[in-house]
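First up is the structure itself, then whatever we jot down about it.
Letters go in sequence order (proteins before strands), and every chain restarts at 1.
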Amino acid sequence: MEESASVDSVESLCSSTTTRSDRSSGPKLSDTELRSKGRPIEKMYKDPSKGELPLLPVELVQESAKDVTYICPFIGPIRGSLTVTNYRLFFRCTDREPVFGLDLPLGVLSRVEKIGAATGRGDVSYGLACKDMRNLRFVHKEPDDSLKKSVFEVLMKFAFPVSNNMSLFAFEYKQVFPENGWKVYDPLAECKRQGLPNESWRISKLNDHYELCDSYPATLVVPVTITDDELRRVSSFRAKGRIPVLSWIHPESQAAVVRSSQPMVGQNGRRCKEDEKLLQAIMDANAQSHKLFIFDARPSVNAAANKMKGGGFESEDAYQNAELVFLDIHNIHVMRESLRKLKEVVYPNIEESHWLSNLESTHWLEHIKLILAGALRIADKVESGKTSVVVHCSDGWDRTAQLTSLALIMLDSHYRTIRGFQILVEKEWLSFGHRFQQRVGHGDKNHTDVDRSPIFLQFIDCVWQMTRQFPAAFEFNEYFLITILDHLYSCLFGTFLCNSEQQRLKEEIPKRTVSLWSFVNSQLEEFVNPLYVHYSSHVLFPTVGIRHLQLWVSYYIRWNPRMRPQEPVHQRYKELLAKRAELQKRVEELQREVSSRTASSSSERAGSPTRSITPVQTFV
Amino acid sequence: MLSLGSGGAKSSKPSFVSYVTPEEIKLEKDPQKKEKHPDLLPGEVVFCSANPILKYTQDDLSQRGVFGTLLCTNFRVAFISDDAPQEEMSKTFKNKLYGENDIPLMCVDHIYGVYDEKRKLITGGLVKNKCPSKMIIHCKDLRVFQFCLTFSKEEDAKRIFQGIAHHCLEEKSLKCVFAFSYLRSTNPDHGKSSRKCITRLDSKSEMLRKREAIMFDSPEDWTQEMKRTKAQCRLVTENENFELSQRLPQYFVIPSALGDLFNYQGKGLPIWCWSHHSGCALFKASFPSMTQEDGDFQSHLDTMITAVARNYLYSVKTEDLSESLPTLQDIQQSYNKFKQYFLIDNTTDFWLSDVKWFSSLESSGWLDIIRQCLQKAVEVVECLEKDNTNVLITEEEGTDLCCVISSLAQIMLDPYYRTLMGFQSLVQKEWVAGCHAFLDRCNHLHQKDKECHSPVFLLFLECVWQLVQQHSPAFQFSETYLTVLSDSVHVPIFSTFLFNSAHHRESVMKAESPIAQSRPLSCPTVWDWSVQFDSKAQNFFFNPLYSEKVKHERTVRRPHKHKHQRQLSLPSSAFKTPTKKGFFKDETDSLKKMLRVKRISRWMGSPDSPVVASKEFYESWQQRPLDYHGLLLPSLDGPSVRVWMQRYLRWIPEVHIMGGGSVAIMTKLMELLSQVEDLKRVLEQRDPSLATQPDHPPPLHHRLPSFGSSGRLSSSFPFTYSRNRSFKPIIPTGLMQSLMVADNLANQEDETS
């Protein structure tokens, strides 16, 4: 007990990476072990004055300062040393028990700024606002400020390489993993899995060079009855040329999930007969239903307001047999504001007595509910109604991606596996041009950029909500989701760089960077949900009432040491698995022993009872 | 099998008036339809019935329902569907006393009548008015029933409505509670009852019961408990016949330093609850309000407190719970508000209330009361565990919040109380033998006097549930067990929850005994779970996550801290801060003063506020490795205190997760557990030396619930089963009202490019 206590105390209170500081999950790991687990391979940087820092192969220390105070909101000021590399920030305090450490990729920083210029003694104090729901504050105590200023400048430089005309660290990181994650998603293989092409749907080469639509993937699945010429005409009628194309097809009913951007109807109610024909063809491709549902993710007011800017929505006059449904999901600005409020409520301290009303006032879970409800309605129409659906918002790369990917998770158990989920992200988010660079703002110091928005985070949150409701339906665990979110910001991997497939090809991202999936798939055991049961063709209909939605404490409030996550079920399950393995081993041993005994007694050496475990022969 | 109405009732109660309609008499003769009638319990008689009554199915808006017969007996309101029962699944977790469409009379909370689309709360006065078209019954176990009365004959409808309203809402005497007619019919002394008894109150079940809980109704039980906790206190047997006080148990334990000082009806008498392995102990006492300037009484109290202090190192902390915790009325009001959010009449209401869910919860204050109780219990635990001082908690009666706090502290400190047997014994010790006024607090008799009603016991169960959900491997019992226990409070069969004190129970049972000279009626306790559930269903009470300790008896009292720390802490708590935390014997003259300022001083007087101090205590505990068989503390931060989903949401179809919820996990766990058990057995067979000791607990797989074949179970399993095979998702309605984004962000250009 004493031993485990001392090991546990090494665990740093506010360690920064996704260390699962959860004492209940799995064996106790020391600080460094925790870090190197679930973390790209690293070498140790040894410097007698600074102790050991686990550095990545091409990671270089840029600057370091001793005697820096970290103002920890949970345990108060801590003095230690600060090191900035070209990839991350280390803060270490070894004088205290337990050892305290911070270790965060510079990519999570959204803002670095000096606070309160002078405290009288020339102290430098600066705050770091992070994209992962925390703020850090450091103070240099020493009056001699030539060195400290440089730490600040180095931070500014390496935290925002794009603003400083430097390349992101992902382009330098050259770790080789056993598996190449860039090969996870093959559009044609995925089509084949879905049985495409078939008699109703064809694969179009029209966008091979991204001429039809620069934010769409090269591989498009469209109805066979629509010619490439017609598609070209449709593309001029849909915002950003994002024409209705197939995302998923039901293996039995042939009901399809189709995604697009808004039609450019405008105030005059423009029509496009090719577009109408395309939607009719989509409906006709599904013999089971003579109806088509168009899900517009926006609130109807906003959809109508878009007519002023040339956009709008399908009129039911022009599209016969189509029914339009608005899903009332708000835009990226509302979501950004909601997350900002949420951060205020959960970081650093939670006001106990008003926790629930504060949480409600952020509307975060209400947005989650609306997104899940939208996806649920889509999945219901496809599964229960056997009807094809078209999903769009304005441009079709934010809310549409959320809705289609969530509906696909509900409908298709393949996307609930680790690899299937990777394919889903590659397909619905990356290839269909969710603007990751813009929404996250990789390496860009312009933290007030109105294009930033936590759209992908919301999607992961929704997936997490579903994993809570269906604990045995997903192959991956919570740690997998948190890892994806951490590397959404870290800029260590190339996966979430750029805004579209075309840009990623132009930048040669697959050649010049490592995929997140290379890392993930090289240590799958870390990410596996031990309770997973694979049910094929098992549709999940989550409950979207706010009563069943929870704030994702182990993500949003993970920096608060009082809110340690608890995973007793997984823990217990793993224990049982180990126990079973142990017992199985003992049974086998006994079996061997018995057989060796019979062997020895048969050879009439009964005088010496063989207690040896060494098997003579195994009869099984 | 008993038939409806007259047949069962005639023998025992000839005065019974039957209201059987002609159709029913016809039905009765039809052998094929016989199973529709309820199996009346021994002593149960039907008051009235009506047919056809439409019971609305809750899970849709279309106002569809099932036709059947509605009955009111002296035990329950029952609805029997005309359709053939489509059970099969529901048999796994069936209550033997009442079915899913039965409401024990005690369980009825409110009745509403719908008159011309308007819902009116039925009170005594309204009963005489005309019959409503629809009757809505809200139950204390949070079920909601809606019956349409317009299809049956008007007089039948009126009679059943008035009958139900009368028997459920009117104040009644304890004698009329069903338990007594049940007992008269089941007790072996009562010769006439030859009908089938559901309980076998023979010596065999008596033995079984003994194993399920220590009753604390004998000196031996208390001696045993003192021995277990190594307490150095004195057992008092002088109250055997309630001569000292009727508000005290027959047997109880007091500090050994206390002489024979039983004045003031035992007021202020420190009753021992539990001893920490260090020697310090937890006591509780009733305290009259301090306004009386009775000098004698003051010195009486001084003596009491000194006696507590002398129990261990002359240190004591006292805490008047009635000052720092909500009053009984606060608790009652808060719960009344809280439960409304779960008594949902229809889908529209559900989605409307979903929008303001969090702020509604908060405004009820119920979760906050739970937090405060847990917080207080943590403070008590800190005194015992960290400071090693004796603790005396007090309140006016000493049997309400004292029970909550002392039981919670014991659960946190002593892993024994986290086993099923231990928990049941704890409830016996602190609540039942401890004279919690269950009858008044639960308002079983529908008394109009609102003062004394308060769901204190439920509050305790809520707090325990918080601990269970935060540290589930530490508990042998499951969430389902707690839910069932909370339901059982309203089943008028068990002696456990029917009385206000040990004296009350004793005297009533004597008076109600059919043969005056013979021994008092023997009444089943709730712990005899076989009365309600068969052994298969009882398996659901066990938590498959429980990490069992191999040897319970020896290791229970193992210290949780490092030895050297403990040794250091002993002298310091006794000598370093005596003025703040404790006092010496020769300081008795300052006692009076201390008592007077007690209201502002005590824990509040220490420089750190107790909340901050106990946060530190929690954090230092949290940094140590978690030992499920050691000290257990709850996290009390905002997101950690939650709604007891199973209890409150189990009947609401809109929140059932089809094919999800914890059932999915449990099934897998159970599978694996039984595999492990099988392997163990194989090992034991192969190698007899590995065979376990005779006191080895029964093989686990005998205690594990079977979930049947996969089936599509929902998150509310085992309480409800999916009726609609269509398996449709629940799509929220009225989303637009939900989100009022006031600022202009919503109107901004959607996406810039």
Side-chain angles (χ1 to χ4, degrees), chain A residues 2 4-5 8-9 23-24 302 305-306 328 330-334 337 350 352-353 355-357 359-360 363 366 370 373 376-377 380 384 394-395 398 450-451 469-472 531 533 541-548 551 553 557 562-563 566 568-569 572-573 576 579-580 583-584 586-587 590, chain B residues 354 357-359 361-362 368 371 470-473 545 547 562 619 622-626 635-639 649 654-662 664-665 668-669 672-673 675-676 679-680 682-683 686-687 728-732 735-736 738-739 741 743 745-753:
Chain A
E2 300 236 357
S4 62
D8 190 63
S9 65
R23 59 183 162 186
S24 64
N302 299 55
N306 258 286
D328 299 333
H330 280 279
N331 65 26
I332 59 166
H333 312 294
V334 174
E337 181 59 15
I350 301 162
E352 242 164 52
S353 51
W355 159 248
L356 290 172
S357 53
L359 179 62
E360 186 174 278
H363 295 298
E366 228 167 302
L370 284 166
L376 182 69
R377 295 176 75 166
D380 177 43
S384 320
S394 296
D395 292 320
D398 292 313
V450 292
D451 278 329
Q469 296 192 15
F470 303 97
L531 301 167
V533 186
F541 288 135
T543 298
V544 300
I546 219 130
R547 290 163 172 87
H548 262 312
L551 186 74
V553 169
I557 323 187
R562 295 171 55 81
M563 296 301 304
Q566 303 257 333
V569 178
R572 174 90 168 122
Y573 198 80
L576 281 172
K579 181 115 193 180
R580 184 179 64 178
L583 286 169
Q584 260 161 353
R586 278 171 64 191
V587 167
L590 272 171
Chain B
D354 203 49
W357 174 241
F358 290 120
S359 49
L361 277 187
E362 187 176 290
D368 207 47
R371 181 182 287 119
Q470 287 185 21
H471 305 291
S472 126
L545 285 173
S547 59
H562 303 309
E619 272 161 20
Q622 197 196 25
Q623 273 168 35
R624 277 179 278 151
L626 184 54
S635 164
L636 298 175
D637 287 275
L649 298 182
E654 283 83 359
V655 287
H656 292 173
I657 307 165
M658 294 305 302
S662 55
I665 303 179
K668 274 222 88 177
L669 263 173
L672 195 53
L673 266 172
Q675 283 170 7
V676 168
L679 280 169
K680 269 189 191 157
V682 170
L683 269 181
R686 293 282 163 94
D687 190 347
K728 285 201 66 158
I730 299 117
I731 310 263
L735 283 175
M736 223 6 214
S738 67
L739 197 56
V741 179
D743 49 52
L745 282 176
N747 305 323
Q748 269 183 35
E749 193 167 321
D750 270 356
E751 279 148 48
T752 52
S753 49

*asked:* I'd like to check B:P639 versus A:L551 (side-chain heavy atoms, cut-off strictly below 4.5 Å). Are they in contact?
replied: no
*Shortest non-hydrogen separation from A:R547 to B:D354 and the atoms involved*: NH1-OD1, 2.9 Å
*Looking at B:G638, B:S635, B:G660, which makes the most heavy-atom pairs under 4.5 Å with chain A?*
B:G638
*Which atoms form the tightest heavy-atom contact between B:W357 and A:I546, and what is the distance?*
CB-CG2, 3.2 Å
*Answer with side chain, backbone, both or neither: which region of A:V587 has an atom nearer than 4.5 Å to a non-hydrogen atom of chain B?*
both
*Over all atoms of both residues, closest heavy-atom pair of A:R562 and B:Q622*: O-NE2, 3.5 Å
_Looking at B:S359 and A:S357, would you say the former's side chain and the latter's main chain have a donor-acceptor pair under 3.5 Å?_
no
*Most chain A-contacting option - heavy-atom pairs closer than 4.5 Å, from B:V676, B:L636, B:V655*: B:V655
*asked:* To the closest 0.5 Å, what do you measure between NE2 (A:H548) and CD1 (B:I657)?
replied: 4.0 Å
